[in-house]
Amino acid sequence: MTKTRYLTGITPSGTPHLGNYAGMMRPAIAASRAGDVENFYFLADYHALIKCQDPERVNRSTLEIAASWLAAGLNPEHVTFYRQSDIPEIPELTWFLTCVTGKGVLNRAHAYKAAQDKNAETGKDGDDGVTAGLFMYPVLMGADILAFNANKVPVGRDQIQHIEMARDMASSFNHLYGEHFVLPEAAVDDNVATLAGLDGRKMSKSYDNTIPLFSTQAQLKKLIGSIVTDSRAPGEPKDVEGSALFQIYQAFASAEETAALRQAYADGIGWGEAKTLLFECIDRELAPLRERYNYLMAHPQEVEAILQSGAQKARAYSGPLLHKLRAAVGLRPLTPASTAATPKAAAKQGGAAFKQYRDKDGKFYFKLVRADGGLLLQSQGFDAPRDAGAMIAHLQAAPQNLQDAMDNLQLGDGFSLSDVQLALKEIAES
């Protein structure tokens, strides 16, 4: 059965809040469990650089967002979960697409036009403060999508234009160089839940009215206690319409619980009691998620291993695709195709490869073996295959990581650290 490929980007630009969870994270994670879909989720850290030049904030937010999605139930075994900057094919494809995209198309991008309009209102030059990153944002987004030939991209209505641009880029490239890309489609859900914030307006970081998703119990209780309500006293009937407290409760409660609170409003429940019910309802769902989140935040190396493993899965698709695209645009060896060694053939001639296995002691091992059979590197035993895979990903991500990992590794007889690092570099390049 052919699966529909969905791709979702998450920009690490701050701490997620209840509105993010109820409106996007929870339904997206539930949808990822369907058997007829293939899901790619990525942390759009390149995109974060357009608006944020604080390195520590970008790095911290990347960890927070990754830990939040994993704690909320995203299963990296069932989806491809990776960090955008770990996929070198994306910036390369961005350049290919830049060369087939008209500047006039980018002139019409909503974000660029909004920046120009704002400058016009204040009497500034239209491009004042506009970086090339902001202007080129749609091309990078197109590369995110087309590097994996995604069929569907869940977006809000304000993002439909970017999907249309990605379709134009794909069509232009296909017209010039042959059929390489499928044309992506926007998947718009008009029923996305929008939660009210502490002041009754839409919950948003720009309004500073959010409830962070993984607040402590004490913080959660305090923030819920600060939700704005009207002056009606206990015993006076209250309206559910326009009540931020009721709306948030509805997003976390069952249908029966929601009906009961609706009746309690009509019967004149006190605001203090209603806020207690809301706290208990939210904490019931988030407490186990919070525990997992706190664990991941305290163990960033586990999050890193998951992202590196996801990058391997993602590059298994983007790598071969970009190899074809390079050849399509003319970036290929000068030797005739019949005599040029393919990457696979080159690997057989002199490359090295990782071999994973389970030994009689029940533990999981890996070794790095040269094509001639020489043992370059042998691991110690791991309790789970995932741990062994994470170590392999760690080494492949950067050969310089080898020195720090030697407590769990042993060099093969006659080989040095530099021999192994060279082999790791050749694997990465091939």
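We count residues from 1, following the sequence as given.
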Problem set entry | Y293 and L213, any side-chain heavy atoms less than 4.5 Å apart | no

Problem set entry | Polar side-chain atom of D419 near backbone of S416 as donor-acceptor pair, under 3.5 Å | yes

Exercise. Judged by atom type as modelled, is there a donor-acceptor pair below 3.5 Å linking the side chain of N59 to the main-chain atoms of E56?
Worked result: no

Exercise. If you look at every heavy atom in M165 and P138, which pair is closest and at what distance?
Worked result: SD-CB, 3.4 Å

Seminar exercise, completed: d(L377 CG, L424 CG) to nearest 0.5 Å is 7.5 Å

Problem set entry | Within residues 133-154 or reaching into it, pairs that qualify as salt bridge (Lys or Arg N to Asp or Glu O under 4.0 Å) - sequence neighbours excluded | K152-E185

Exercise. Is there a donor-acceptor contact under 3.5 Å from the side chain of D199 to the main chain of R201?
Worked result: yes

Exercise. What are the two closest non-hydrogen atoms of K113 and N107, and how far apart are they?
Worked result: CG-O, 3.4 Å

Exercise. Of the non-hydrogen atoms in F279 and Q217, which two are nearest, and what is the gap between them?
Worked result: CE1-O, 3.5 Å

For this session: For Q308 and Q312, test the side chains for any donor-to-acceptor distance below 3.5 angstrom and give the result as yes or no.
Result: no

Problem set entry | Main-chain N/O of A71 paired to R292 side chain as donor or acceptor, under 3.5 Å | no

Exercise. Can E291 and Y295 be counted as having a side-chain donor-acceptor contact under 3.5 angstrom?
Worked result: no

For this session: Give a yes or no on whether E241 atom CD has more than 12 heavy-atom contacts from other residues, nucleotides or ligands under 6.0 Å away.
Result: no

Problem set entry | Single hit among F40, F42, Y41 for side chain to side chain contact (heavy atoms under 4.5 Å, CB included) with T8 | Y41

For this session: Might you work through the side-chain hydrogen bond (donor to acceptor under 3.5 Å, both in side chains) test for Y249 and E257, ending with a clear yes or no?
Result: CA-CA 9 Å; Y249 184 86; E257 290 170 328; 4.6 Å; no

For this session: Could you tell me whether Y265 and W271 have their ring centroids closer than 6.0 angstrom?
Result: yes

Exercise. So, N151 side chain and T4 main chain: donor-acceptor pair closer than 3.5 Å or not?
Worked result: no

Seminar exercise, completed: salt bridge (Lys or Arg N to Asp or Glu O under 4.0 Å) pairs touching residues 211-231, sequence neighbours excluded, are D230-R232

For this session: Answer yes or no: is there a side-chain heavy-atom contact under 4.5 Å between Y137 and H162?
Result: yes

Problem set entry | Donor-acceptor contact present, side-chain N119 to main-chain G126, <3.5 Å | yes

Problem set entry | Expected output: side-chain T98 to main-chain T94 donor-acceptor under 3.5 Å | yes

Exercise. Just how far is it from atom OG1 of T194 to atom CD of Q247, taken to the nearest 0.5 Å?
Worked result: 7.5 Å

Exercise. Between R57 and E64, is the closest basic N to carboxylate O distance under 4.0 Å?
Worked result: no

Problem set entry | R5 and V182, any side-chain heavy atoms less than 4.5 Å apart | no

Exercise. Checking E38 side chain against K3 main chain: does a donor-acceptor pair fall under 3.5 Å?
Worked result: no

Problem set entry | Main-chain N/O of Y207 paired with K202 side-chain donor or acceptor, under 3.5 Å | no

For this session: May I ask you to say whether R26 pairs ionically with E285, meaning some side-chain N is under 4.0 Å from a carboxylate O?
Result: yes

For this session: Report yes or no: does S379 contribute a side-chain atom to a donor-acceptor pair with the main-chain N or O of F366 at less than 3.5 Å?
Result: yes

